[in-house]
Amino acid sequence: MDETDRPQPAAQHVLPSLSFVAASSVPQENPFNHNLFLQQQVFADKSNRLLNLIKNTKSLLEEVRETNATKPWQTYYPSAQVPSVTAAISASNNPLRRSTSFHPEDDSDRSSPLQQRLQRSFTSAPGSPQNVHASVDTPPAGRLFELNVLKLDLKVGNYAKDNDALLRGLERNTIAHLLDGRIQQSVKHLDNLYQRVSDKSSKVLITGDLNAGKSTLVNALMQRTILPIDQQPCTSLFCEVLDAQENEGQEAVHAIKDASTYNREDPNTFTVVDMRHLEKFMNDVIDGYEDYAQLKVYCTDRRLVNDSLLHNGVVDIALIDSPGLNRDSVKTTALFARQQEIDVVVFVVSAENHFTLSGKEFLWNAANEKTHIFIVVNRFDSIRDKERCKRVILDQIKQLSAKTYEDADELVHFVSAGSCLPEIIQGGELPADFLRLEECLRSFVLEKRCKSKLAPAKVYLENILSDVSVLSESNRQMAADELAKVRLELERGRPEYQETLVRREIVLEKVDRLAEETCNLVDAMTREKLSNSVDDIENAVSALVPWNGLLHVWQYSNDLRYVMADLFVDRVKSCEAEAKEKTKITVNDIHNLADDASPVSQSDALSLFTKADPSRITTGRLKDELSLEFTDVFEIQDKLGMASVSLGAVTMFSSKALGYKSLIHSLFDITNTVGVSNVRRWAVPVVTAAGLGLLIYIAADMKHALARKTARKLRAHIREGTIVHDEAMRIAKDCRRVFKSNAWEIQNRFQREIEAHERRRAEQEKAAKDGEQAVVYFGKVFEKADELARWVAAVEVEVEERKVKV
């Protein structure tokens, strides 16, 4: 623990020096009084030390709460991992024993205060008193570890038997929030505890079940009939009986509506009640005619200082009579809360009824800080089998408060307060058992004030520090386990992350190569098929387009154009279909490369292909190129070319065979022989016959001539133009678009996977950093709580007080 966190010297918390002031005014020759003042001097010193420890414990709890609100980790409720907690606490060192002189004896075999507290908590049942000498037993597997002050109790109705199951059913953050509320309540209780210890007076709460004789006991102790008593319950609000010296020697009854605003010197804060009419006033309160929360009764005790509890001359004492525990839930809840402000609890139990359930719950709740309870068994004279009654009640006390049972001779008294009232004894001697009760109560409140007033504070500090130690160690162990788990996940995730990076590069490279190869193959296949698609197209068209005669030659020509263009479009579509099929296969191969368990369907893979559109592949321009011309009908150029070739061949043959001169002489000889007139007469029929033959030939060959001419135009347009290139580029571009889309999808998937790895690693690294800080933080909290517990253990409150030798 840092120097700034160590408990400060006791001189920083100085109580009013009762010993100095009183010793200067009280004759020293009175051994009893002088012994009391020496005890008060010891009491003041121990009070200052406890006040300092209360402040440091409160600071520690506030630090835990602040950490819950500002740090990334929370303080969670411990859950059954007890062996690791106890092992860590058992292994903790004890620096204070080497540096202080609180324990002069050799304590090398003694366990630390926190370990003793943990041992007690292991062997104690929920809500039962704790055994100081209990051994460490491992709780059942899976059972939530039992805390003391910070225990979360969710028992409601039928669920009261299984509080652990209720806690396991809640979310972790919900339990942490509930635990934070318990810590906040403990901080408030420490404030009350600080005020209680620093208050030089002592408050004695007289409580018990309904109609147990609490008011009767107060009257018997005061030897005055101050509070009204009846066979029916007549105390419905807290009645605080004080010495009249605190009210300037004046007896009075102040009825208070708001205790927080009460000021004895301000009449506006209370209502004065005539002490003679106190019983009527109490009945009005019971009947609901008056609404008050508390009574302060200032009265005079005319007995000697050595006999009076209120007027003892040393310490201001307040006797607080309370409503019965089982009167109603509101009064019972107020009583449970009020006991936290009380120094000494005097529990009145009826010898006829023993301890009821409400009485047991009250004592279990008070056991969080009050190990010693002063118990009065009233109406004992009405019991016939007194020994059996004592045995049964003592057995119950043993289960409720072990410390009280150990000191039963001084703390448990069997009396009949009703027979000790002044109107009963009428100046006679009090019964011996009641005198013994008065002597023990006076000794417990005055002479053993360290035990009665400081021991509850010490016990509460021990309990709360034990709980903080359990919380811190269990949370440190939880943080250490989670840190080890996170580090293991980081180590396991690093190769996977690197493998993902490498696999992404390899897969994307293979995808690009496979896509490029497929696109090149589709491009080459499209160019080849479209270039060869018009080689024999005129033969295919002849069977598709009907010839209706010369009168329909123009219609035939148009039909040829459309059919040839459509055939080319069909070839383009065929290339598209084959490209799509290859694309589909390649897409599946791409997803197989990426280990994708759900590759895209064919429709998804080909959805990026552009739809078939004849106008997009220049069909309109192609039909214009194939439009009918006059020369296409007669094929004149072809015929002239053929005639010229034939004439040239005949001339060449004749010139070779006969010679030019011989050929010319032969023609003149034929003309002279036949005669010019005959030649003229036969020339017209011959020419006419030749012309008719030519027309018949042209008409007969017109169908094929048109097909051949249109096919030549189509081949010339396709081979000499850019249509094949354009269509091949378009189809290949569509393929690339599909491959690019799938490659981009795969790349995005890899990117998402990598980003998920990186986010997970960032979260794990943050969790590891937070875990390291949490381990260190909770370790420091445990060390602080352990050292504070050692300082608390060093405050001896149950040793016998020093007495003056007479």
Side-chain angles (χ1 to χ4, degrees), residues 53-54 56-69 73-82 85-86 88-89 113-130 139 143-155 163-164 166-168 170-194 336-337 339-340 361 364-371 456-479 774 777-778 781-782 784-786 788-789 792:
L53 291 169
I54 290 173
N56 283 274
T57 303
K58 177 185 174 182
S59 299
L60 182 59
L61 289 178
E62 289 176 341
E63 178 186 346
V64 173
R65 291 197 67 233
E66 182 181 1
T67 301
N68 284 345
W73 62 83
Q74 289 180 313
T75 303
Y76 296 113
Y77 200 77
S79 57
Q81 304 301 327
V82 181
V85 178
T86 54
I89 296 177
L114 283 181
Q115 185 178 355
Q116 294 176 0
R117 300 294 299 172
L118 287 174
Q119 291 173 349
R120 291 197 292 270
S121 65
F122 281 136
T123 56
S124 60
S128 64
Q130 300 165 342
R143 179 172 177 77
L144 295 176
F145 182 69
E146 293 292 344
L147 297 176
N148 298 302
V149 180
L150 300 179
K151 179 182 177 181
L152 297 179
D153 191 358
L154 305 179
K155 296 184 293 184
N163 186 60
D164 295 351
L166 289 176
L167 286 173
R168 294 190 191 95
L170 295 178
E171 294 183 357
R172 193 174 179 181
N173 290 338
T174 302
I175 296 179
H177 180 72
L178 294 175
L179 183 60
D180 182 75
R182 294 291 295 174
I183 296 176
Q184 185 177 9
Q185 293 177 3
S186 298
V187 171
K188 293 181 179 179
H189 184 75
L190 286 174
D191 288 334
N192 295 332
L193 196 64
Y194 186 90
F336 272 66
Q339 70 88 16
Q340 298 179 359
E361 290 180 352
W364 281 333
N365 182 269
N368 281 329
E369 61 173 52
K370 296 177 178 64
T371 57
K458 177 181 177 180
V459 170
Y460 187 83
L461 288 176
E462 288 177 338
N463 282 331
I464 192 64
L465 289 173
S466 172
D467 289 356
V468 171
S469 300
V470 171
L471 287 176
S472 59
E473 181 56 27
S474 60
N475 278 268
R476 189 203 65 81
Q477 185 64 40
M478 184 186 303
Y777 167 75
F778 286 116
V781 171
F782 178 84
K784 291 179 182 179
D786 184 55
L788 284 174
V792 171

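- Residues Tyr194 and His189 form no side-chain contact, since every pair of their non-hydrogen atoms from C-beta on lies 4.5 Å or further apart.
- Between Ser474 and Tyr77 the shortest side-chain heavy-atom distance does not fall below 4.5 Å.
- Under the ring pair (Phe, Tyr, Trp, His ring centres under 6.0 Å) criterion, Tyr76 pairs with no residue at all, not counting sequence neighbours.
- Atom-to-atom distance recorded for Ser469:OG and Glu462:CD is 11.5 Å, nearest 0.5 angstrom.
- Scanning both residues, Glu62 and Val187, for their nearest heavy atoms gives OE2-CG1, 4.0 Å.
- Looking at heavy atoms from C-beta onward, Glu473 lies in side-chain contact with Arg476 at the 4.5 angstrom threshold.
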(message) Evaluate Leu150 against Val470 for side-chain contact (heavy atoms from CB on, under 4.5 Å), listing each step before the verdict.
(response) CA-CA 10 Å; Leu150 300 179; Val470 171; over 6 Å; no
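- Using a 4.5 Å cut-off on side-chain heavy atoms (C-beta onward), Lys370 and Val459 make no contact.
- Once rounded to the nearest 0.5 Å, the distance linking CG of Leu193 with CD1 of Ile54 reads 4.0 Å.
- The side-chain heavy atoms of Leu788 and Leu60, taken from C-beta on, include a pair separated by under 4.5 Å.
- With hydrogens and angles disregarded, a donor-acceptor distance shorter than 3.5 Å links the side chain of Arg182 to the backbone of Val149.
- Separation of atoms CD1 (Ile183) and CD (Glu63) is listed at 11.5 Å; rounding is to 0.5 Å.
- Looking at heavy atoms from C-beta onward, Asn475 lies out of side-chain contact with Tyr777 at the 4.5 angstrom threshold.
- Leu147 is listed as a side-chain neighbour of Leu471, based on a closest heavy-atom distance under 4.5 Å.
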(message) Please determine whether side-chain contact (heavy atoms from CB on, under 4.5 Å) holds for the pair Ile464 and Asn148, giving the CA-CA distance in whole Å, both sets of side-chain angles, and the decisive distance to 0.1 Å.
(response) CA-CA 7 Å; Ile464 192 64; Asn148 298 302; over 6 Å; no
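- Of all heavy-atom pairs spanning Val781 and Ser472, the tightest one is CG1-CB, 3.7 Å.
- Distance check: Lys784 NZ to Asn56 CG gives 10.0 Å after rounding to the nearest 0.5 Å.
- Atom-to-atom distance recorded for Lys458:NZ and Leu465:CG is 12.0 Å, nearest 0.5 angstrom.
- Minimum heavy-atom separation, Leu53 to Leu461: CB-CD1, 4.1 Å.
- Between the OG atom in Ser186 and the CG atom in Asp191 there is a gap of 11.0 Å [rounded to 0.5 Å].
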